[in-house]
Structure formats: C-alpha cells, structure tokens
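The basis for the numbers below is simple: all heavy atoms, side chains too, and nothing from hydrogens, waters or symmetry mates.
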2 protein chains.
Amino acid sequence: MTTDQHDNLSLSSGALQLVLSAEQLIADKGIDGVSSREVARAAGHKNHSAVNYNFGSFDGLIEAIIDYRVRPINQQREVLLTALLEQQQQPTLYALVDLMARPLASELLRGNGESRYLSLIAQLLSRGHWRELFLRNRSRSSALIKISELMAAQLADTLPSEIYNERVRLLGSQIIYSIAEWDNLQHKGQLALDESSLEWRLQNLIEYAIGGLTANHNKRN
Amino acid sequence: MTTDQHDNLSLSSGALQLVLSAEQLIADKGIDGVSSREVARAAGHKNHSAVNYNFGSFDGLIEAIIDYRVRPINQQREVLLTALLEQQQQPTLYALVDLMARPLASELLRGNGESRYLSLIAQLLSRGHWRELFLRNRSRSSALIKISELMAAQLADTLPSEIYNERVRLLGSQIIYSIAEWDNLQHKGQLALDESSLEWRLQNLIEYAIGGLTANHNKRN
DNA sequence: GTCTTAATAAGTCAAGTGTCTTATTTGGAG
DNA sequence: CTCCAAATAAGACACTTGACTTATTAAGAC
C-alpha cells in the first residue's frame with residue numbers, strides 16, 4: 001500500500017491541480033462559497049475558464065473529486081476485508097466497524113493532511129442537490145456491501161429491523177461527521193493529528209459505535 | 001408549554017419574517033448559497049436592502065436566527081431539568097441524554113415543521129467562520145452546564161478523561177447531526193415525522209448514545 | 001391637523017460570476 | 001522542421017451581489 005493509489009485516473013496534471021485546490025477551498029469556505037474562477041485562480045491558472053474547460057461545469061469538478069477519492073478508499077476496503085476474512089470467517093463487530101472507518105480516517109494523514117475529502121463528503125451529504133450528486137457518483141464497493149451483510153448477520157436477529165436500520169444509519173453518519181470534524185479541527189490548528197493520536201480516537205469511535213449498535217432496545221409502548 | 005415561547009424577542013414582525021424565510025432558504029440551498037437580496041425577496045419585500053436595514057449584515061441576520069431559536073430551546077431545557085430533579089436527585093443517564101436531545105428534536109415538529117433550525121446549526125458547526133459565529137452567539141444555558149456535570153458524575157470515574165471528553169464530543173455531534181438529518185429528510189419528503197415516529201427515533205438515538213458513552217474502553221498498548 | 005421617526009422602496013456602483021467565444025501558446029507525432 | 005491538437009489565456013456579455021445612498025410611504029405622539 002505504499003504505491004500511489006491514484007494512477008489509472010485519467011486526470012491530467014492540470015486537472016489534478018484543480019481537484020486539489022477545489023478540495024482545499026471547499027473545506028475552508030464551503031461548497032457554495034467557492035466559484036469556478038476562484039478554483040482556477042487557486043490552482044495557479046490565469047485562465048478563468050479552466051474548470052469549465054476540464055470538467056464542463058462546477059458539478060463536473062465535484063464529480064471528479066469524488067471519483068478521485070472514492071476509488072482508493074474502496075480499494076483499501078477491499079484489501080483490508082480480504083486480509084480480514086483470511087484470518088477469521090466470522091469477523092468481530094470491532095473489525096467490521098474498523099473496516100468502515102479506517103480508510104476514511106486514513107485520508108486525514110494523506111500527504112501531510114492535504115486531502116480535505118472528509119470535509120467535502122460531510123458537506124455533500126448535508127444538503128439536497130449535493131447529496132444526490134454524491135450518492136449518484138459514489139460507486140458502492142463490493143467490500144462495503146459485504147461488510148454490511150456481515151454486520152447484519154450479527155445484529156439483525158437481536159433488533160427489530162426498523163431499529164437495526166436506523167442504528168446503521170446512525171453509525172454511517174457518525175463515522176463521516178466525526179472524522180470530518182477531526183479534519184476541520186486539524187486544519188484550524190485546534191487538533192494535532194499524528195498516527196497515534198488518530199489511532200486512539202479511531203479506537204474510541206469504534207468502541208462508542210459498537211456500544212451503540214449493540215445497546216439494549218427497550219420497547220416502550 | 002403551549003404559549004408562544006418567542007415573546008420577549010424584540011423582533012418586529014418584518015424582521016421575524018426575514019428570519020423565517022432565511023431559515024428556509026438556508027436549509028434548502030446552503031448558508032453560502034443564499035444572498036441577502038434573496039432572503040428579502042422570499043420574505044415578500046420589494047426592498048432588497050431589508051436584511052441590511054434590519055440586521056446590518058448577513059452575519060447579523062444569522063445571529064438573529066440563533067438568538068431567536070436558542071432561547072426557547074434553553075428555556076425548555078431549564079423546565080425539563082427542574083422537573084426531572086424534583087423526581088430524582090441522581091437522574092439516569094437516559095434522562096440526561098434525553099434532556100439534551102429532546103428540545104432539539106421538538107424543533108422538527110414546531111409549526112408543521114417550519115423551523116429549519118437544526119439544519120442551520122449543522123451547517124454552522126461544519127465550518128470556520130460560521131462555527132465561530134455560532135459558538136460566540138449561543139448562550140450556554142445553565143441547564144446544559146448542569147446536565148454536563150451530572151453526566152460527568154456518572155462517567156468520569158470509569159473512563160480516562162481524554163476518552164470521556166472525546167465521547168462527550170461524539171455525543172454532541174451525533175445528536176445535532178442526526179436530528180438535522182431527520183430534518184433534511186423530512187423536508188424532502190423522504191421521512192414522515194409525527195410525534196410517535198419522532199419518539200421512537202429519539203429513543204433509539206438515546207439508547208445508541210448511552211451504549212456508546214458507557215462502552216468498555218480497552219487500553220491497547 | 002402637523003411633525004417626526006420607523007419602515008419600505010428604489011437607485012447606484014464596483015466587484016464578482018458562469019458561460020460562451022476567440023486568441024495564443026505548447027508539446028509531441030510525423 | 002512542420003503541423004496539429006490540446007492546453008492555456010484572454011475577451012465579451014448579461015447577470016447577481018453587498019453596501020451605500022436617496023426617495024417615498026406609514027404610523028404614532030402631540
């Protein structure tokens with residue numbers, strides 16, 4: 001996992017710089033607070049139509065960012081899942097939640113924290129148009145599906161399906177928003193994240209999540 | 001609690017309409033995707049400077065929204081806490097988390113769901129400038145402080161303080177982002193929220209949160 | 001009634017924006 | 001080297017925005 005995971009991406013170096021600059025700007029100023037021209041400027045262009053030229057539109061740019069980041073994350077999930085299933089056919093809940101969260105958390109350490117992807121996802125998921133664009137563009141990896149199934153196998157019996165589904169939703173939101181918050185705090189200098197501090201935070205998040213997933217459900221009329 | 005909780009607010013009816021329209025627009029289009037002029041238009045003004053006239057600036061408008069919504073929420077917390085402490089001096093964790101979440105969740109039912117305040121908070125908390133503006137303007141209610149203390153009394157012993165603090169942060173984020181998500185889904189017609197469906201979701205959220213807060217913490221090297 | 005002040009409307013201006021179009025430059029393929 | 005397509009730059013246009021300024025209207029005190 002030391003090689004660059006962004007190879008086969010059909011992004012010219014110019015387009016790549018736009019993607020990276022856009023990520024930064026959006027994390028800082030909000031997806032609706034950033035203009036195409038601003039992105040082009042930040043990417044070192046005098047050409048104010050660079051975004052339009054490379055991606056057709058601002059939406060196209062966002063889709064490119066998603067595509068650029070989602071692939072390696074899913075890829076990492078596949079690798080980790082395969083390794084895990086070789087060890088134990090019935091992985092623990094801990095291992096499964098770890099598998100969901102870790103590849104996202106890893107983004108925070110990528111290239112001295114220059115990936116602001118988590119902040120972007122959190123913003124995309126928060127509102128109408130962008131949420132739909134994201135859901136349309138993330139390719140659900142087979143790993144994630146398999147993880148869901150393994151998790152359901154351990155929980156679905158003990159909980160009413162309505163409750164189980166809701167808790168899985170809570171889990172998904174919590175993972176993304178929590179890690180996104182770490183990202184934002186880190187980039188405001190209010191949180192120092194290195195491997196070890198990320199590790200205990202991640203561990204704690206997983207423990208919290210498992211506590212939540214497996215909590216007793218008391219039916220109250 | 002049937003009387004209007006927005007009395008002593010020093011908002012003229014014109015200003016109030018601006019606040020309400022702004023809330024709606026921001027929930028739909030994002031805080032950075034809405035202009036002062038647009039808010040004025042949506043509030044029925046031909047006067048495109050209405051926001052500037054009433055609040056001085058867009059930031060002033062946001063502060064007015066926060067002020068308008070935070071008061072009754074804190075007020076409700078005070079009332080509920082007082083009632084709770086009359087029943088039992090050492091309230092359960094369940095009651096305490098309930099106390100944190102319920103006044104926020106209630107917003108979703110207010111006036112046929114016309115308060116989009118949760119969506120706003122979630123957006124404000126997500127990014128730089130707005131986060132700071134929010135933190136500057138929410139007046140921390142004495143109830144919330146008391147709730148924190150009561151919670152700490154039950155948990156701080158069993159967990160390392162670093163872990164405890166992090167879990168409280170997780171709790172806070174989860175409450176706000178989850179309820180905000182209900183808000184967004186509700187207003188896209190993807191979630192039907194009445195009192196009873198809100199109730200079981202809230203109950204489940206609390207159960208999840210308590211499971212998380214009290215989860216075992218395993219020190220790993 | 002007049003007067004005064006708050007509220008609303010409307011005008012203005014420089015700055016920024018998306019999109020489309022038209023140069024100009026650059027880096028290979030032949 | 002020539003030539004051509006891709007990349008970059010720059011122009012143009014209609015539109016929106018925030019902030020400030022200047023009418024105009026409404027409403028209450030006296």
>> Quick check on side chain to side chain donor-acceptor pair (under 3.5 Å): which of A:R201, A:E199, A:E207 does A:Q203 satisfy it with?
In response: A:E207

> Is it the case that B:Q123 and A:S126 place a side-chain donor and acceptor less than 3.5 Å from each other?
Replying inline: no

>> Assess whether a salt bridge exists between A:R116 and A:D28, defined as any Lys/Arg side-chain N lying under 4.0 Å from an Asp/Glu carboxylate O.
In response: yes

> Between C:dA7 atom P and B:F55 atom CZ, what is the distance in whole Å?
Replying inline: 11 Å

> Any ion pair linking B:R110 and B:E107 (charged N to carboxylate O, less than 4.0 Å)?
Replying inline: yes

> With a 4.0 Å cut-off on heavy atoms, is A:F58 in touch with a base, just the backbone sugar-phosphate, or nothing at all?
Replying inline: nothing

>> Once you measure the plane-to-plane angle for B:W130 and B:F58, does it fall in the parallel (<30°), tilted (30-60°) or perpendicular (>60°) bin?
In response: perpendicular

>> Expressed as a whole number of angstroms, how long is the span from A:N47:CG to C:dG18:C1'?
In response: 13 Å

> If you draw a 6.0 Å radius around CD in B:E195, do more than 12 non-hydrogen atoms from other residues or ligands fall strictly inside?
Replying inline: no

>> Looking at A:E114 and A:L20, would you say the former's side chain and the latter's main chain have a donor-acceptor pair under 3.5 Å?
In response: no

> From the 5' end of DNA chain D to its 3' end, which nucleotides mark the outer limits of contact with chain A, defined by a 4.0 Å heavy-atom distance cut-off (strictly under)?
Replying inline: D:dA6 to D:dA12

>> Taking donor-acceptor contacts at under 3.5 Å, does the side chain of B:H48 reach the base of C:dG11?
In response: yes

> Which whole-number value in Å describes the distance from B:N52 CG to C:dG11 P?
Replying inline: 18 Å

> Counting only non-hydrogen atoms, which of residues 16-45 of chain B are less than 4.0 Å from DNA chain C?
Replying inline: B:R37, B:H45

> Does the side chain to side chain donor-acceptor pair (under 3.5 Å) test come out yes or no for B:Q174 and A:Y208, once each step is laid out?
Replying inline: CA-CA 11 Å; B:Q174 183 167 46; A:Y208 186 109; 3.3 Å; yes

